[in-house]
Amino acid sequence: MNFILQPLGLVESSLTTKADAPRQGDEGAPDAWLVFDPEYAAALRDLAAGDEVLLITWFDRADRSTQVVHPRGDTQRPPTGVFSTRSPDRPNPLGLHRVTVLETDGLRIKVNHLEALDGTPVLDIKPVLTDER
């Protein structure tokens with residue numbers, strides 16, 4: 001069985017190589033813009049500064065054949081199956097990022113602490129659920 005995912009837009013970031021990117025967003029990742037295709041304008045209309053969201057990306061430069069890694073690239077740690085890690089290299093390289101919307105500008109959404117590389121496809125955004133939502 002195969003699935004076809006439609007990118008909604010792309011990440012605009014100062015991070016251009018895997019070596020530039022921190023391992024997690026809270027480890028020094030920069031703010032970045034999410035730039036959406038015009039056909040998704042209605043879906044973006046209620047996002048506002050201060051919203052916490054789960055951003056789902058496709059790590060398009062990942063190694064999809066990787067099944068075992070040394071966590072955090074530390075060879076002192078034992079080899080571990082990727083499903084027990086946050087490694088971007090994995091069979092289906094989905095990125096899951098908890099970020100806060102900093103600013104909205106039409107089809108552009110600025111978020112904080114995003115470790116995804118420039119040009120990374122954006123697949124979806126979902127609100128972080130709280131007791132109020």
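All residue numbers refer to positions in the sequence shown, counting from 1.
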Non-hydrogen side-chain atoms of D37 and L8 separated by less than 4.5 Å: no
N/O donor-acceptor pair under 3.5 Å between D74 side chain and Q76 backbone: yes
Pairing residues for N92 by the side-chain hydrogen bond (donor to acceptor under 3.5 Å, both in side chains) criterion, not counting sequence neighbours: R64
With sequence neighbours excluded, residues passing side chain to side chain contact (heavy atoms under 4.5 Å, CB included) with L123: L5, I56, W58, L94
Side chain to side chain contact (heavy atoms under 4.5 Å, CB included) against F83, all qualifying residues, sequence neighbours excluded: R90, P91
Same apolar cluster: L55 and V101, side chain cutoff 4.5 Å: yes
ILVMFWY clustering at 4.5 Å (side-chain atoms), partners of F59: none
Partner residues of R98 under the salt bridge (Lys or Arg N to Asp or Glu O under 4.0 Å) criterion, sequence neighbours left out: E52
V128 side chain reached by L54 side chain, heavy atoms, under 4.5 Å: yes
Pair listing, salt bridge (Lys or Arg N to Asp or Glu O under 4.0 Å) test, anchored in residues 1-15, at least two apart: E12-R108
OG1 on T17 to CZ on R61, rounded to 0.5 Å: 9.5 Å
Same apolar cluster (I L V M F W Y, side chains within < 4.5 Å links), L107/V99: yes
Heavy-atom closest pair, residues P78 and P71: O-CD, 3.3 Å
Residues forming a side chain to side chain contact (heavy atoms under 4.5 Å, CB included) with T66, sequence neighbours excluded: D63, V69, V82, D89
A62 versus P93, closest heavy-atom pair with distance: CB-CB, 3.5 Å
Sub-4.5 Å side-chain heavy-atom contact between L44 and T104: no
Non-neighbouring partners of D124 that pass salt bridge (Lys or Arg N to Asp or Glu O under 4.0 Å), sequence neighbours left out: K126
Residues, nucleotides or ligands: over 12 heavy atoms within 6.0 Å of Q67 CD: no
side-chain hydrogen bond (donor to acceptor under 3.5 Å, both in side chains) involving T16 - partner list, sequence neighbours excluded: D20
Co-membership, hydrophobic cluster, residues Y40 and V11, 4.5 Å side-chain: yes
For the student: nearest non-hydrogen atoms of V122 and L10, plus distance: CG2-C, 4.0 Å
Within-4.5 Å side-chain heavy-atom neighbours: L114 and L34: yes
With F36 via ring pair (Phe, Tyr, Trp, His ring centres under 6.0 Å) - residues at least two apart: none
Flag, side chain of D51 to backbone of A48, donor-acceptor distance under 3.5 Å: yes
Residues that P79 engages under side chain to side chain contact (heavy atoms under 4.5 Å, CB included), provided they are two or more places apart: V68, H70
Set of residues satisfying salt bridge (Lys or Arg N to Asp or Glu O under 4.0 Å) with respect to R77, sequence neighbours excluded: none
Hydrophobic cluster membership, V35 vs V111, 4.5 Å side-chain cutoff: no
Smallest separation among heavy atoms of D60 and P121, with atom names: OD1-CD, 3.5 Å
L15 and L117, any side-chain heavy atoms less than 4.5 Å apart: yes
Closest heavy-atom pair and its distance - D118, S13: OD1-N, 3.0 Å
